[in-house]
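What follows is a set of notes on a single structure, which appears directly below.
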Amino acid sequence: MTVEESIILSNGEAAAAEVTQTTERTPAESLLPHNTQSASSSNTQTVIQVDALVVGAGFSGITAIHRLREAGLTVKCMEASGDFGGVWNFNRYPGAGVDVEVPFYQLNIPEVYRDWTFSERFPGHEELRSYVAHIDKKLGLQRDTIFHATVNDASWDLHKGRWTVRTEQGHTASAKYLILASGLLHRIYTPDFPGLSNFSGDIHHSAAWNQNFSAKGKKIGLIGAGSTGVQLTQSLGKAAAELTVLVRRPGYCLPMKQRTLTPQEQHEWKRLYPLMLKAARESHVGFPVPATTKAALDVSKEEREQHWAYTWEQGGFSFGMQAFKDASRNKESNELMYQYWRSRVASRLTDPRKLEVMAPEQKPYYFITKRLPLEQDYYEVLNQDNVHVHDLSKIPLKSFTSNGLLMADGTEYEFDAVVLATGFDSITGSLTQLGVKDKHGVDLKTLWADGVKTYMGITISGFPNMFVVYSPQAPTPFVNAVTILEAQVELAVDIIKKMEEKGYKSIEATKEAESQWKKDLYAMTEGTLFPFTDSWWNNANVPGKKAEILAYVAGIKHYEAKCRSLVEGLQGFEVDFGREDGT
Ligand code: NA7
């Protein structure tokens, strides 16, 4: 049996009987289908030899497998969980779904989209998992994927010019190229709440949902009002006897305008998909909407309100994406936008006390400088008598008790369950847990302790032939995920193709190029309101992490054009040409 065959066998049905589970599954993993197996004795003893190794089988990993295969490389993907789909394997709470509308949250691969239709404008988590299963079927991804393979060590062999990658379960792989596609919002963040372990009721994080949990008739406390908190409020508020939403800062929610989609209308659109997806790629945030060329302060109140009303009715992110051009730079313009938003909320959230928490007169942070959640009937649910709102910014949480929560003013809440919608150790959290070392043996976690350093967001000095996709220091946090990950994967694969064509041994970003990239990133936000708001966009959501600018705010079109101009002549890289004479 060849090495390749032994790996295929270890992922296929034939091997199932001889495979044993070697690691404990995390709470989230225990919810997953065991559709493939953990390390078997056969694959722990052989070293997997491939051109490219991909870490992570979410949308970015899947795209990387596909594009690397197209480029003629041999590729394997290692995935810690038991299935494809990344975040959609973990986000299984009631009401979970994507805030990006069809057709923009899908891969730009005709053989995949040709015979797939979604049932709603904003698909839910179950449908997204079916979609991912469809991609797998179309592209035959399983034959190149090893599940339950948790990468915990990767080092560069200077002599061989290859990466050696190991997993917790005992796999070893050797690859010329390493592609980290480990995701942005994957590692759960549970704040260090005092007395958390004293609570005797159910407690779970949104991304590790207990499928046996029923909210019916229960008293529930929900911490968090980001996109996840909003979706959970909408579903739990309808089922629970009582729901108390504990809010530190409210999300500035936009109307989703969800609707069902017919196969017929998608059939019509499909002819236009190449154009639509190209236009998304050439846009600012991954949606082909016209940029607003006017400043709010240069037009009349009537014109402003007409524009806002129009974009509001479009639904989705339109209100934010088509903001007046001075909204993210001028405080007065930003305030006008906020007050318009607040008036729309006030027309629905009629309880004045709740309104003052969810849309206060004085805004707690600038509009559009933090992810805008989408909502369907959030404010109607908040209005319900069984739904309560607690303002943590005024009365913080003191501790968990055995029955619920004790607040700083002595108020006690009794809950049957507490749900944490507190977000993720985002952006860097997954990358720094992989045990990836630079060519001198220093872990990425150590190297990034005082701040993220990359070149173009996709390469890192000291890590030859390694590429990071769906990554920091790129437009990633604030744009459509699929658009940016496709752009980044294609950039990485184009560099690899160039190297293979020329027979180069390795490529590595220079320190100078890296530090210039960071300077450019900071320069872009100068004069904007983004640096004034803390959130996961700038790593400020987890205490102890270094808060910094991590988004390339000039947008996808600008980013890709800039990267392409640099990649063209391999500018900012040191190249090992693999020849004695250095040619
Ligand atoms: P987010 O957007 O990071 O939201 C987390 C929420 O949890 C947010 O309301 C936080 O308040 C709140 N939070 C976090 N820590 C605490 C503590 N210690 N006490 C009280 N409240 C806290 O995560 P989501 O899961 O909603 O969404 C993540 C992304 O997934 C989203 O942006 C989409 O791109 C998809 P804060 O606002 O920090 O005051």
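Counting convention: from 1, in listed order, for ligands and their atoms alike. All values below come from the heavy atoms of this structure, side chains included, with hydrogens, waters and symmetry mates left out.
The 12-atom threshold is not exceeded at NZ of Lys557, counting heavy atoms of other residues, nucleotides or ligands nearer than 6.0 Å.
Residues of the protein with a heavy atom under 4.0 Å from ligand 1 are Leu185, Tyr189, Pro191, Phe193, Ile223, Gly224, Ala225, Gly226, Ser227, Thr228, Arg248, Arg249, Lys370, Arg371, Leu392, Ala421, Thr422, Gly423, Phe424, Trp536, listed by chain and number.
Gln234 places a side-chain N or O within 3.5 Å of a backbone atom of Asp377 that can act as its donor or acceptor partner.
Between Asp83 and Arg129 there is no salt bridge, since no side-chain N of the basic residue sits under 4.0 Å from a carboxylate O of the acidic one.
Under the 3.5 Å distance criterion, with hydrogens and angles disregarded, a donor-acceptor pair is assigned to the side chains of Gln473 and Thr454.
Using a 30° and 60° split on the angle between ring planes, Tyr552 and His558 fall in the tilted class, from 30° to 60°.
For the pair Lys331 and Phe532, the cation-pi test (distance below 6.0 Å, angle within 45°) is passed.
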